[in-house]
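Presented below is the structure to which this report refers.
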Protein chains: 2
Amino acid sequence: MTEVLIIGGAGMIGRKLAERLAKDGTVAGRKIDRLVLQDIVEPTAPAGAPFATKSIAGDFSVPGLTDELVQSRPDVIFHLAAIVSGEAEADFDKGYRINLDGTRLLLESIRQIGQGYKPRLVFTSSIAVFGAPFPDAIHDEFFTTPLTSYGTQKAICELLLADYSRKGFVDGIGIRLPTICVRPGKPNKAASGFFSGIIREPLNGEAAILPVDRDVRHWHASPRAAVGFLLHAAGIDLAKVGPRRNLTMPGISVTVAEQIEALRKVAGEAAVKLIREVPDETIRGIVAGWSRNFDPARALEFGFKPDSSFEEIIRIYQQDELGK
Amino acid sequence: MTEVLIIGGAGMIGRKLAERLAKDGTVAGRKIDRLVLQDIVEPTAPAGAPFATKSIAGDFSVPGLTDELVQSRPDVIFHLAAIVSGEAEADFDKGYRINLDGTRLLLESIRQIGQGYKPRLVFTSSIAVFGAPFPDAIHDEFFTTPLTSYGTQKAICELLLADYSRKGFVDGIGIRLPTICVRPGKPNKAASGFFSGIIREPLNGEAAILPVDRDVRHWHASPRAAVGFLLHAAGIDLAKVGPRRNLTMPGISVTVAEQIEALRKVAGEAAVKLIREVPDETIRGIVAGWSRNFDPARALEFGFKPDSSFEEIIRIYQQDELGK
């Protein structure tokens, strides 16, 4: 009997993960019997799953819900729930409540079961745990000095995850996702939105706005790669990883100019012409504090697989979202 | 009207800090009007203080006490309270309650006052935020991967302190103290106890036990230097320090053999002969995971002053504890 729990199952990555589990029917080499999806709104169970599914709507930061979620002793827990960076910065209390207290409640609920219960917990952290100034490529031993409350909350959860794992209460691993690109869906107001927008909108025949200089470099992974990281993290031998349980995931470091060149190769000059440069000082300022490049040696050593190129990232969007 | 609050005022460093404040009559160049000392047991107010003093006994991790402590809006808060490493490891809940929740309650009490109240908060962190394996000298950008719950709690509080400071709720600085040597008082059962014991007991004409090899290297500061760090942190211009608010304090890196040579110079061969080597595998194992040496460039840049040598550390013990 293998049960999987996804906390934050209604988000973009949560949905894609659930769909992939339904397609594979397995996790970490084991046949899945049951999948439970939780989110603040009721998550949609994946169609055609070869296992039982259950969807739960509720706030996991309200004491009691995490107890309920782990009562059936899920073997693998994917913890994807979070208030995003902008909201955590605007609403200090809510950010700490969801991103820190919610995660701590989950860890405590697991610990309180005891009796040898020690699930695999895959926690999605973020490169926001790092704060500028940075070296050219952030290596695995670089310190975490976040410049947002979101990054602070993620860095704190990483520390809790490592300590609860060291004490044997949980078998946890934290994975720091790159910026996910190309995000499907409509344009949004996130400062990072243009990284996806300048690819997605032209591929859909729509105009896109580029608010920063073309030499801005950033760190990307496709949604498909992100789901791959989560599944790999669910099956990896953590004894080999040791006590340093939080890993920066491998991504593709490209400049905006390189993104645009990849778009040109994949979709031609007509697509590129849909990008209009409209400098935005606010977004330029925010992006200037973001990390540009990493040297994720440990994640590569432990078998995490990045996208092969930014061109591949674009083709994944075409295949998975446009059915090409 | 300048008020100073010491949380954890009954401990060894808290007492020495209060005595120094009483002697100076000032903090950060300002005349002190009132000193409040808090601890789980009622702290002893320093004798002959040229300002009003108040002692409060109570558990600062019980909601309400930190509100009471900051109600009078102390200008400078020294936060020294903690459950020590061994106890935090043995009692998981108590460690998190005191070392993490207590600190968070304090930060929240300060934030809730609002109305421009932004005290200087000096938080004592620890080199336990680092976990082996280490480089030869731990530099300022080395990551925090603690191997104890105590180190985890300190690392989390550092992150909270930086975020509350970045948001303008408090004017915080975290200082990572080296191992304090020579600790006055009786031998204790702490794994680090021998670092002080092999100096203190011989100077008092008593036998001391050395449980580790003589090539064990460690990072030390005298109690007097530690009080100096606290006072310097209370007055430093934090705008220059920027958002990276947690600094490793400068110490003296010596091997046990070098400690013993310093003892020989200061107190002669008779003192050295009182040290008996009794290897203890448990202590050897614990100490093997401890940091040995640092490169605290930022703290030195910002004017924190270490002891000049291990010989000076011994002489400080003689002067301050033995009246020599």
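To find a chain, count down the sequence lines: A is the first, B the second, and so on, and within it residues start at 1. In this text, all values refer to a predicted model and were calculated from it rather than measured experimentally.
Taking all atoms of both residues into account, the shortest heavy-atom contact from B:Val122 to B:Ala233 is CG1-CB, 3.7 Å. Closest approach of A:Thr66 and A:Phe60 over heavy atoms only: CG2-O, 3.4 Å.
Heavy-atom distances place the side chain of A:Phe169, and not its backbone, under 4.5 Å from chain B. The contact between B:Glu108 and chain A is made entirely by side chain atoms (from C-beta outward), counting heavy-atom distances below 4.5 Å. Contacts between B:Tyr96 and chain A at a heavy-atom distance below 4.5 Å involve backbone atoms as well as side-chain atoms. Neither the backbone nor the side chain of A:Ala162 comes within contact range of chain B; no heavy atoms are under 4.5 Å apart. Interface remark: B:Leu147 contributes backbone and side-chain atoms alike to the contact with chain A (heavy atom separation under 4.5 Å). Contacts of A:Thr145 with chain B are made by side-chain atoms alone, with heavy-atom separations under 4.5 Å and no backbone atom involved. For chain B, no part of A:Arg245 is nearby; none of its heavy atoms comes within less than 4.5 Å.
Per-residue counts of heavy-atom pairs under 4.5 Å with chain B were compared for A:Asn246, A:Asp93, A:Leu100; the largest is that of A:Asp93. Counting heavy-atom pairs closer than 4.5 Å to chain B, the top-ranked of the candidates A:Pro135, A:Pro133, A:Ala155 is A:Pro133.
Side-chain atoms of A:Ser109 come within 3.5 Å of backbone atoms of A:Asp67 as a donor-acceptor pair (strictly under, hydrogens ignored). Between the side chain of B:Arg120 and the backbone N or O of B:Ala28, no donor-acceptor pair lies under 3.5 Å. For the pair A:Glu89 (side chain) and A:Thr148 (backbone), a donor-acceptor distance under 3.5 Å is absent.
A:Gln153 and A:Arg97 are not linked by any side-chain donor-acceptor pair at a separation below 3.5 angstrom, with hydrogens and angles left out of the test.
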Would you sort out whether B:Glu301 and B:Arg298 count as a salt bridge (charged side-chain N to carboxylate O under 4.0 Å, His left out), showing the intermediate values? CA-CA 5 Å; B:Glu301 177 193 338; B:Arg298 291 191 79 221; 5.2 Å; no

